[in-house]
Amino acid sequence: MKDSANEVSAEPAKGAHLSSRMQKTRLSITRQARTLTAEHGYNGFTVEQLCEQVGISRRTFFNYFPTKLDAVFGHGADEVPEGAVERFMAARPAGITGLSPTLLADLVALALEQLTHDEQAIVGTHGFFSVVHREPELLQRMMQIGPEKEAEFLGLMAEREGVDPDHPGLVVLVHTLRLAAMKSVDRFVQGSGERSLSEEFLDYMAAAQDVLSQPLTRTHP
């Protein structure tokens, strides 16, 4: 039996505003799919086995995701705490032209909301992404959605700041935040639990801020 929804006539639950029960089910599917991928590889389990682990029917699965691959990568909205993006957009000070002086602080606040939303889920996701490079199908999808998500986030910041999405400052910020988040999760997973994920992330961001505040050219005597 193919892992597709060709035979399913029910309307997929793809709306942005799902009920809390439906959103919880969708998130459970993705978490379990990632756990199974980390443990057995992407081709090491079937949709039926995934459904059994989650406690849903095959038909219900395809109401949420068109393929197993989509389930593994999940829905972007499930990774963001409710209202976090709206708070970020509304935090820009009024009467400012160009990049606002609170942009970095507001981005850090947004990142911390995401990182502390569910630390256990982030740890599970870390295990999944650690095997992506060994799975051709996963790697191909990652190479596709990575730039898409980056462009989406750049567009969000550009809308807030009233500048072009390719503004150099925004591009640098996106890559700095992404690297800091990735490295902080690595350190958090490998650590003894004495430090929180927030502390690890803020350490990387403080180090980046310290280094980037240095002069770009040397002053010669």
Side-chain angles (χ1 to χ4, degrees), residues 1-86 88 110-111 113-156 174 178 181-182 185 189 197:
M1 189 176 291
K2 293 180 68 179
D3 292 339
S4 68
N6 292 336
E7 75 282 10
V8 177
S9 60
E11 181 68 21
K14 297 179 181 177
H17 303 289
L18 300 180
S19 68
S20 58
R21 179 185 62 81
M22 295 175 71
Q23 192 165 30
K24 183 178 179 181
T25 299
R26 186 171 68 182
L27 186 56
S28 295
I29 294 171
T30 293
R31 288 180 177 177
Q32 191 59 50
R34 290 177 175 179
T35 297
L36 290 171
T37 299
E39 293 176 351
H40 306 292
Y42 176 68
N43 293 311
F45 67 98
T46 65
V47 166
E48 286 76 15
Q49 290 170 323
L50 171 58
C51 291
E52 183 179 352
Q53 291 290 320
V54 179
I56 60 173
S57 68
R58 178 183 170 89
R59 183 181 181 88
T60 296
F61 171 88
F62 286 119
N63 282 341
Y64 289 92
F65 295 103
T67 68
K68 185 175 74 170
L69 189 60
D70 290 295
V72 167
F73 279 92
H75 195 284
D78 294 337
E79 302 172 0
V80 183
E82 185 176 358
V85 172
E86 290 77 10
F88 168 72
L110 175 61
E113 275 203 74
Q114 291 184 263
L115 289 172
T116 59
H117 180 55
D118 191 338
E119 286 187 347
Q120 197 56 45
I122 290 174
V123 172
T125 300
H126 178 271
F128 158 67
F129 281 114
S130 67
V131 305
V132 166
H133 69 281
R134 300 198 301 266
E135 301 274 359
E137 290 176 271
L138 299 181
L139 184 58
Q140 182 178 6
R141 175 62 68 90
M142 179 68 73
M143 293 176 65
Q144 173 189 347
I145 68 173
E148 290 176 356
K149 286 190 174 183
E150 180 178 310
E152 182 179 349
F153 191 49
L154 280 169
L156 185 74
V174 165
R178 183 174 61 184
M182 290 172 54
V185 172
V189 170
L197 186 50

Q: Name all residues meeting the side-chain contact (heavy atoms from CB on, under 4.5 Å) criterion together with Glu150; count only those two or more places apart in sequence or in a different chain, and write none if there are none.
A: Leu154, Val174, His175, Arg178
Q. Hey, does the side chain of Thr30 reach the backbone of Val72 with a donor-acceptor pair shorter than 3.5 angstrom?
A. no
(Q) I want to check something: taking the side chain as every heavy atom from C-beta on, are Leu197 and Thr116 in contact at a cut-off of under 4.5 Å? (A) no
Q: Indicate yes or no for a side-chain donor-acceptor contact from Glu135 to the backbone of Tyr42 under 3.5 Å, with no hydrogens or angles considered.
A: yes
Q. Which heavy-atom pair separates Val54 from Ser28 by the least distance, and what is that distance?
A. CG2-O, 4.0 Å
**Q.** Value rounded to 0.5 Å, distance of OG1 in Thr37 from CD in Gln32
**A.** 9.5 Å
Q. Taking only residues two or more places apart in sequence, or in another chain, which ones meet Phe73 in a ring pair (Phe, Tyr, Trp, His ring centres under 6.0 Å)?
A. Phe128
Q. With sequence neighbours left out, what residues match Lys24 under salt bridge (Lys or Arg N to Asp or Glu O under 4.0 Å)?
A. none
**Q.** Beyond-backbone contact of Met22 with Asn63, side-chain heavy atoms, under 4.5 angstrom
**A.** no
Q) Under 3.5 Å, side chain of Glu113 to main-chain N/O of Leu110, donor-acceptor pair present? A) no
**Q.** side-chain contact (heavy atoms from CB on, under 4.5 Å) partners of Leu156, counting only residues at least two apart
**A.** Val85, Phe88, Met89, Phe153
Q: For residues Phe45 and Lys68, determine if any side-chain heavy atom of one lies less than 4.5 Å from a side-chain heavy atom of the other.
A: yes
Q) Is Glu39 atom CD crowded by more than 12 heavy atoms from other residues, nucleotides or ligands, each under 6.0 Å away? A) yes
Q. Can you list the residues that meet the side-chain contact (heavy atoms from CB on, under 4.5 Å) rule with Glu86, with sequence neighbours excluded?
A. none
Without placing hydrogens or testing angles, list every side-chain donor-acceptor pair under 3.5 Å for residues 140-149, not counting sequence neighbours.
unit_1: Arg141; atom_1: NH1; unit_2: Asp70; atom_2: OD1; d: 3.2

Q | Heavy-atom closest pair, residues Cys51 and Ser57 | A | SG-O, 3.7 Å
Q) To the nearest 0.5 Å, how far apart are OG1 in Thr35 and NE2 in His40? A) 9.5 Å
**Q.** Parallel, tilted or perpendicular, as decided by the 30° and 60° cut-offs, for the rings of Phe61 and Phe65
**A.** tilted
Q. Does the side-chain contact (heavy atoms from CB on, under 4.5 Å) test come out yes or no for Leu138 and Leu69, once each step is laid out?
A. CA-CA 8 Å; Leu138 299 181; Leu69 189 60; 3.6 Å; yes
Q) Roughly how far, to the nearest 0.5 Å, is CD1 of Ile56 from OG1 of Thr25? A) 7.0 Å
